[in-house]
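Since the structure comes first, as structure tokens, the remarks are kept for the end.
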Amino acid sequence: MNAAAGAETVSRLIRAARDDGRSMLDEAESLEVLRACEIPTVAFTAIPATADDAQVIRQAHEIGFPIVLKGLIASVAHKTERGLVFTSITDETGLVSSLARLRARAECELGTLLLQEHVDRARELAAGMINDAVFGPTVMVGLGGINAEAVDDVVFRTAPLTVEEARGALDRLRTSRILDAYRGHQHANRKALAAILVALGDLGLSNPEISELDVNPVMIRHDGSPVAADAVVILATTT
């Protein structure tokens, strides 16, 4: 996707949310924003919640098992706490069972089904952007996953970032050694990680309507390549 097409995609997604009276993009829309900015994501597809089991199974086979199933509800950012995330689904039987449980939990609130490739949780970072009232678009990177809040290892840099500044932010993390090779994992691709941080800063500068963007986790595959697995875009309030 070229830069112009990517910018139009982001604008279209923001307009659609505004037209619906929403201040938050759902995960599928947020991942589309990342893709439009050439930030690598896991393979995913979004399906209306009204889709029957056969349709969901077909889409799952296109991604390939094992997969992750998520239920998206408007204005609900934290899906795990609501029991709307099912991981490591290895076959059709497991998928149908997970669908039934998801629909029972979400009831009539469920809007979209999100299918994603399953990525082995080897190493996780968190990244994001916040449009600060004083400093403007500011990029964040830190330890990700379930330990993010407990460890609180975060570095902030104001946009725009150079690649060198982004790599410096990675090096400033207290837990930066997780980016090194160990226990069979390759060195994390720091160049690709830095490019993600640069892109997040540029996104904030180009789209002042975005007040916050959280990407957690950014998973680092065994070969060292990073992919975003979850994201949420928050829009600035309008008056």
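We number each residue from 1, following the sequence as shown. Keep in mind that what you see is a predicted model, and the values were worked out from it rather than measured.
The pair D53-R103 meets the salt-bridge criterion, with a side-chain N (NZ, NE, NH1 or NH2) lying under 4.0 Å from an Asp/Glu carboxylate O.
Paired with L193 under the rule side-chain contact (heavy atoms from CB on, under 4.5 Å), one option of L170, V198, V141 passes, and it is L170.
Distance check: R167 CZ to T162 OG1 gives 11.0 Å after rounding to the nearest 0.5 Å. Note that CD1 of I47 and CG of L115 are 4.5 Å apart. Values are rounded to the nearest 0.5 Å. Note that the CD1 atom of I210 and the CG atom of N131 stand 9.5 Å from one another [nearest 0.5 Å]. Taking CG from L143 and CG from D152, the interatomic distance works out to 10.0 Å, rounded to the nearest 0.5 Å. Atom CD of E27 and atom CG of L84 lie 11.0 Å apart (nearest 0.5 Å).
Using a distance-only test at 3.5 Å, with no hydrogens or angles considered, a donor-acceptor pair links the side chain of R123 to the main chain of D180. With hydrogens and angles ignored, the 3.5 Å screen pairs a side-chain donor or acceptor of S211 with a backbone N or O of I234. The main-chain N or O of A229 is found under 3.5 Å from a side-chain atom of Q116 such that the two form a donor-acceptor pair. Panel note: side chain S30, backbone V233; a donor-acceptor pair is recorded below 3.5 Å. In this structure, Q59 contributes its side chain and V56 its backbone to no donor-acceptor pair below 3.5 Å. With S11 contributing its side chain and A7 its backbone, the two residues share a donor-acceptor pair below 3.5 Å. Under a 3.5 Å cut-off, the side chain of E8 and the backbone N or O of A5 do not form any donor-acceptor pair.
Judged as a ring-ring contact (aromatic ring centres under 6.0 Å, His included), and not counting sequence neighbours, the contacts of H61 are F65.
For the residue pair T175 and D153, a side-chain donor N or O sits within less than 3.5 Å of a side-chain acceptor on the partner. A donor atom on one side chain and an acceptor atom on the other are found under 3.5 Å apart for S225 and D223.
Annotation for V134: hydrophobic cluster partners, listed by chain and number, are F135 (ILVMFWY side-chain heavy atoms under 4.5 Å, direct or chained).
At most 12 heavy atoms of other shown residues, nucleotides or ligands fall within 6.0 angstrom of atom CZ in R172.
L13 and L200 end up in the same hydrophobic cluster when Ile, Leu, Val, Met, Phe, Trp and Tyr side chains are linked at under 4.5 Å. The same ILVMFWY cluster, assembled from side-chain heavy atoms under 4.5 Å apart, contains both L161 and V218.
Counting heavy atoms from C-beta outward, I89 and V68 have side chains that stay 4.5 Å or more apart.
Residue pairs meeting the side chain to side chain donor-acceptor pair (under 3.5 Å) criterion with at least one partner in residues 31-44, sequence neighbours excluded, are R35-T41.
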